[in-house]
Amino acid sequence: MSDAAEPKFERSAKLPDEILQAQQSRADLLKWKLVIAAVLGAIGFGFTEKVDAEPLLLALIPFSCLYVDLICHNLSIRQIMIGNFYATVRHDDYETLASLNRDTYCMEDWALSGSTITVCILLLIVGVFKLHGVPRAGSYVWPWLRINYKAFSILSSAIAGLCLSRVITSQRKCSLTNLKSLSTFQNKQIERFVRPLYTLGDLALLKRQLEEQGCFIFRGLRNGLFPAAEANAESGYQYVWVRDNVHIAHAHFVCGDSK
């Protein structure tokens with residue numbers, strides 16, 4: 001192995017450790033999410049004996065949950081990217097199977113996003129409850145607003161948490177879709193033959209696979225030239241491109257089919 005390839009090999013060899021570390025970090029963050037929400041909720045509702053109740057602390061719970069969700073989603077995408085690397089480059093059987101069944105690993109993500117949504121809905125109920133006694137139309141509103149600003153803060157935080165949680169979930173799905181499109185092929189049979197480096201044996205297997213699929217059968221026109229593709233008139237690919245025909249003619253010549 002050359003000196004230039006050695007650092008790449010060492011880097012890729014450490015990727016399984018990064019997956020384990022990311023998974024452990026996600027598990028720790030989920031625990032801290034519960035702890036942070038419980039502590040803020042206990043102080044906010046006045047469940048502690050030594051600290052007076054401070055409802056404004058309840059408004060911090062959605063943002064704390066969203067912060068944990070962001071970090072966990074980032075770790076999840078990193079894990080999937082490493083798994084896709086082993087599936088497409090290293091051709092690991094397990095990672096290849098996992099890459100085709102990513103949706104089966106969604107339970108933890110449901111717990112992650114679902115807990116944030118549940119907390120925000122509960123805070124909405126608390127905020128509405130604290131707003132009980134809203135003055136009727138025509139009454140003087142400003143003193144009421146001054147008294148209930150804590151309830152407004154809780155309501156605003158809960159609504160913002162619901163909206164941002166939806167944005168984070170949508171962005172994660174978009175990132176995973178882009179990651180999948182960059183790392184997978186529509187033709188799974190061809191995907192098995194993709195390599196960063198090829199041996200003569202790899203090329204022989206690939207050639208045999210392409211021959212079985214009829215990829216080397218060139219159906220030319222009556223004038224001896226080859227169309228871009230076998231397509232209908234609307235597509236325009238039934239025409240002839242000089243560049244394509246030069247490549248095709250050269251390939252046949254090199255393979256011994258000079259006629």
Side-chain angles (χ1 to χ4, degrees), residues 1-19 22 76-106 171-259:
M1 182 178 298
S2 63
D3 295 339
E6 184 68 27
K8 294 182 179 180
F9 177 79
E10 291 181 356
R11 178 70 179 91
S12 61
K14 297 178 181 179
L15 293 179
D17 295 334
E18 294 188 20
I19 292 180
S76 176
I77 293 173
R78 182 176 181 83
Q79 287 179 269
I80 294 175
M81 180 176 293
I82 296 175
N84 286 343
F85 168 79
Y86 273 91
T88 57
V89 178
R90 293 296 186 86
H91 305 281
D92 182 83
D93 293 336
Y94 171 77
E95 292 297 345
T96 301
L97 179 63
S99 65
L100 299 176
N101 299 275
R102 293 296 185 193
D103 294 337
T104 59
Y105 298 91
C106 60
Q171 183 60 39
R172 179 182 182 275
K173 291 181 179 179
C174 181
S175 299
L176 292 178
T177 300
N178 294 334
L179 183 61
K180 184 177 180 180
S181 64
L182 291 174
S183 60
T184 60
F185 295 79
Q186 292 183 350
N187 192 321
K188 297 301 179 183
Q189 292 180 333
I190 297 299
E191 183 181 7
R192 296 186 294 111
F193 294 98
V194 177
R195 305 279 195 278
L197 296 174
Y198 290 86
T199 64
L200 291 178
D202 293 334
L203 294 176
L205 290 175
L206 178 59
K207 182 174 181 292
R208 187 183 311 127
Q209 175 69 23
L210 294 176
E211 288 175 344
E212 293 176 355
Q213 300 298 323
C215 295
F216 296 139
I217 298 176
F218 294 89
R219 297 180 177 87
L221 302 175
R222 292 181 179 180
N223 57 11
L225 298 177
F226 297 94
E230 295 180 0
N232 52 35
E234 288 77 10
S235 67
Y237 282 99
Q238 77 279 7
Y239 296 121
V240 172
W241 269 257
V242 176
R243 174 201 59 196
D244 296 351
N245 276 259
V246 170
H247 286 302
I248 295 172
H250 181 257
H252 281 81
F253 180 79
V254 171
C255 293
D257 188 9
S258 59
K259 181 179 179 180

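These numbers were taken from a predicted model, which means no experiment stands behind them. Below, each value reflects all heavy atoms present in this structure, side chains not excepted, and no hydrogens, waters or symmetry copies.
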Inset, instruction - Might you work through the salt bridge (charged side-chain N to carboxylate O under 4.0 Å, His left out) test for Glu212 and Arg208, ending with a clear yes or no? - result: CA-CA 6 Å; Glu212 293 176 355; Arg208 187 183 311 127; 5.5 Å; no
Inset, instruction - Mark yes when over 12 heavy atoms from residues, nucleotides or ligands other than Leu221 sit less than 6.0 Å from its CG; otherwise mark no. - result: yes
Atom [atom1] in [X], atom [atom2] in [Y]: separation rounded to 0.5 Å?
| X | Y | atom1 | atom2 | result |
| --- | --- | --- | --- | --- |
| Leu205 | Leu200 | CG | CG | 11.0 Å |
| Arg243 | His247 | CZ | NE2 | 6.5 Å |
| Ile80 | Ile19 | CD1 | CD1 | 10.5 Å |
| His250 | Asn245 | NE2 | CG | 14.5 Å |
| Asp244 | Phe218 | CG | CZ | 10.5 Å |

Legend entry - Residues forming a side chain to side chain donor-acceptor pair (under 3.5 Å) with Ser258, sequence neighbours excluded: none
Inset, instruction - For Arg219, enumerate each residue passing the salt bridge (charged side-chain N to carboxylate O under 4.0 Å, His left out) test, keeping only those at least two apart in sequence or located in another chain. - result: Glu230
Legend entry - Donor-acceptor under 3.5 Å (Asp257 side chain, Phe253 main chain): no
Inset, instruction - Give a yes or no answer on whether the side chain of Asp202 reaches the backbone of Thr199 with a donor-acceptor pair at less than 3.5 Å. - result: yes
Legend entry - Distance-minimising heavy-atom pair for Gly220 and Pro227: CA-CD, 4.5 Å
Inset, instruction - Would you name the heavy atoms of Glu211 and Phe216 that are closest together and state the gap between them? - result: CG-CD1, 3.5 Å
Inset, instruction - Could you check whether the rings of Phe226 and His252 sit parallel, tilted or perpendicular, using 30° and 60° as the cut-offs? - result: parallel
